[in-house]
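Before any comments, here is the structure.
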Amino acid sequence: MKEDDNTAEDDNDSESKYDIPLIQRISSILWPSFITAGIANSFFFTFFEPQALLYAAGYSEMSNIAVYSIGFFMFWLLTSSSCVMTSYFMKPCCDVNS
Amino acid sequence: MPKQNSPASDEAVEASLYAKHEKIYPREVHGIFATLRWLAVAVLLGGYYLAAWVNWDGRQILLFDLPERKFHILFWTFWPQDFFYLAVMLIIAALSLFFFTALAGRLWCGYACPQTVWTEVFMWFEYKIEGDRPKQMKLDKMPWNAYKIRTKALKHIIWAIFGLWTGFTFVGYFTPIRELWDSVWSFNTGPWETFWIFFYGFATWGNAGFMREQVCMYMCPYARFQSAMYDKDTMVVSYDEARGEPRGSRKRSEDPLEKGLGSCIDCNICVQVCPTGIDIRNGEQYQCIGCAACIDACDDVMDKMGYEKGLIRYTTMNILEGSESSILRPRIIIYATFLLVLTASLLVAIVNRVPLELDVIRDRNELYSETYDGMIENVYTLKLVNKDQTDHDFRITVTGIENFTMTATKDIVHVASGEVVTMAVRLKADPFSLPSRSVPIDFHMQAVDDETLSTIEDAKFLGPFRK
Ligand code: SF4
Ligand code: SF4
């Protein structure tokens, strides 16, 4: 629904030099969160052993690669949702009512 | 998955994603900087694709073994506990970036960034398959016919194969590549390995095939702040405005002076070769990745016109403004010193690294206990880690208190290479020989077969409070 808002805006003043291309909007959410998730993931698993975690949480057998990958996507989900919220709240307030 | 993307759906996706983006068709360039870049591409990509296959002593020289939680770099093995070294390496990498940026701008972007390097290769495939710039533009404009479908399909198949091979190599740095290779051909790679091969392959295909300069513009943090590291003595790709202007077309035989023209013949070739689609004659722009393609192109033009080369060249702002310029300035010297000192210390630290680790954990339940014969007893759990490449036997001794007895599970502990052994140790001491309530002591871990292999860990021996 957010996307719709954007396109509607684009129609109004598509020539404005302050318009941010869609690809930039998408990358600015997915990309920084990708990097921070990667960093968070490596930090996390440097200090916590995946197998010990699995055992403590009571989950069944899983390979380390699977744990790292799932961990990464959990982090990415988290970081990208915060990116989405940031960009959502960055919307100028005067646009909200119209 | 890269392969399935038919050219038709590309267009649709592109049209929606790249609404305001006009596709850039960089013209092929030849010249000294293009050659340098190809050299960099050959060394870096060659290194990337080959290094995974090089073995030393029966194992990969570069393997970030995630399943085993060990990093093999050359003949060293690093563990999660060695995180410190990684942190120092990152600092060194950042410092080098500062140093080279201050020295000559975006050298990294122009010659070494994976984005540039892979894009270069993808563009090379594009030239070979679709032809040069005018042919590519014509091909994109023509309606879909058998020829267009064939050409586009061929390009994407080659790109996809190259991307997948890249993804495969990438995963091969995290899980032994020879085993991975065998499992690929017998179709039983693990689900996550398969996923990451495709994920990385897809990212390569998308970034080097489509995103290209947009990655530099929208996704690269370095591109945004690199200009903060410039000063007026930084060598950057620049257009010599004083010499070039006023620009204008002319015949080769005409004397520009007579026509009141500068050296720029306004042929726009520098714009056509630019991978980010900018005009360097408008001055420094943050989109410029410093690839020097425009230098090669303009030098070629100058040669043909019989003018002196270097209308566009690597130079400093100070030189262009006609003032003194010095390469060796405080900023450069400071960066270089830091860089040298840090790198040297890191190397010394790694070479002298003791591949042992001893952790001493006190019994959490009670501070101390009194035995029936009036002695004070402390219990510790010891964790012995052998990070060496070979197995060793270790002896544990304690210093720091007098009149004590030590009981351990074993006198000599065998720890295999890469293993962790946990053992309990009890220390008993006479309360009257304890100087205070808490006595600092040291645990020594000494390899029986190697004098030099030892480490010390401190702990505390606790006793009763005495008045
Ligand atoms: S290539 Fe050189 S001569 Fe041609 S337009 Fe660019 S600056 Fe001018
Ligand atoms: S302006 Fe020149 S150096 Fe900068 S990106 Fe374009 S071609 Fe490369």
Side-chain angles (χ1 to χ4, degrees), chain A residues 3-4 6-54 61-74 76 79-80 83 87, chain B residues 13-23 64-71 78-87 90 115 171 174-176 179-180 183 189-200 203 206-207 210-224 383 420:
Chain A
E3 262 17 291
D4 291 342
N6 290 340
T7 34
E9 259 168 49
D10 289 352
D11 287 343
N12 291 340
D13 49 357
S14 57
E15 289 311 309
S16 159
K17 83 181 210 195
Y18 296 105
D19 260 4
I20 297 171
L22 180 61
I23 190 84
Q24 185 174 6
R25 289 167 197 253
I26 296 175
S27 342
S28 65
I29 288 170
L30 290 185
W31 178 241
S33 54
F34 182 88
I35 299 179
T36 39
I39 296 172
N41 200 43
S42 5
F43 258 106
F44 186 80
F45 285 115
T46 303
F47 298 111
F48 298 100
E49 235 244 283
Q51 293 308 324
L53 275 183
L54 276 184
E61 288 264 309
M62 237 190 268
S63 72
N64 274 0
I65 295 237
V67 180
Y68 295 135
S69 309
I70 294 169
F72 172 76
F73 283 105
M74 295 298 232
W76 198 9
T79 48
S80 55
C83 282
S87 66
Chain B
V13 170
E14 229 174 287
S16 65
L17 287 185
Y18 301 73
K20 291 190 195 76
H21 168 245
E22 277 189 33
K23 187 170 169 191
F64 305 99
D65 196 336
L66 290 184
E68 295 286 329
R69 294 170 65 75
K70 289 182 212 171
F71 288 2
F78 294 89
W79 297 63
Q81 293 92 325
D82 294 324
F83 199 74
F84 167 77
Y85 295 100
L86 183 71
L90 289 180
Q115 180 61 28
V171 175
F174 294 92
T175 156
E179 290 166 30
L180 189 66
S183 56
T189 38
W192 285 104
E193 276 98 346
T194 318
F195 170 79
W196 286 114
I197 290 176
F198 277 95
F199 186 90
Y200 200 82
N207 285 342
F210 299 98
M211 296 283 286
R212 296 192 177 168
E213 79 288 345
Q214 298 178 87
V215 171
C216 311
M217 278 152 67
Y218 304 139
M219 290 162 73
C220 178
Y222 172 66
R224 300 259 161 159
K383 255 184 158 174
V420 183

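The sequence lines fix the lettering, A, B, ..., with proteins before strands; numbering per chain opens at 1. Being a predicted model, the structure only gives us computed values, none of them experimental.
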Residue A/F48 versus chain B: region with a heavy atom under 4.5 Å: backbone
Under 4.5 Å from a heavy atom of chain A, the part of B/F64 involved: neither
Nearest-0.5 Å distance, CD1 of residue A/I65 to CZ of residue B/F174: 9.0 Å
Interatomic distance, B/W196 atom CH2 to A/Y68 atom OH [nearest 0.5 angstrom]: 13.5 Å
When A/S63, A/S28, A/P50, A/S42 are compared by non-hydrogen pairs under 4.5 Å with chain B, the top option: A/P50
From OG (A/S27) to CE (B/M211), nearest 0.5 Å: 4.5 Å
Spacing of OG1 belonging to B/T175 relative to CG belonging to A/N64, to within rounding of 0.5 Å: 11.5 Å
Part of A/S69 within contact of chain B (heavy atom distance under 4.5 Å): both
Ring geometry between A/F73 and B/F199 (parallel below 30°, tilted from 30 to 60°, perpendicular above 60°): perpendicular
Polar side-chain atom of A/W31 near backbone of B/M219 as donor-acceptor pair, under 3.5 Å: yes
Atom group of A/E49 that falls short of 4.5 Å from chain B, counting heavy atoms: both
OH/B/Y222: more than 12 non-hydrogen atoms of other groups inside 6.0 Å: yes
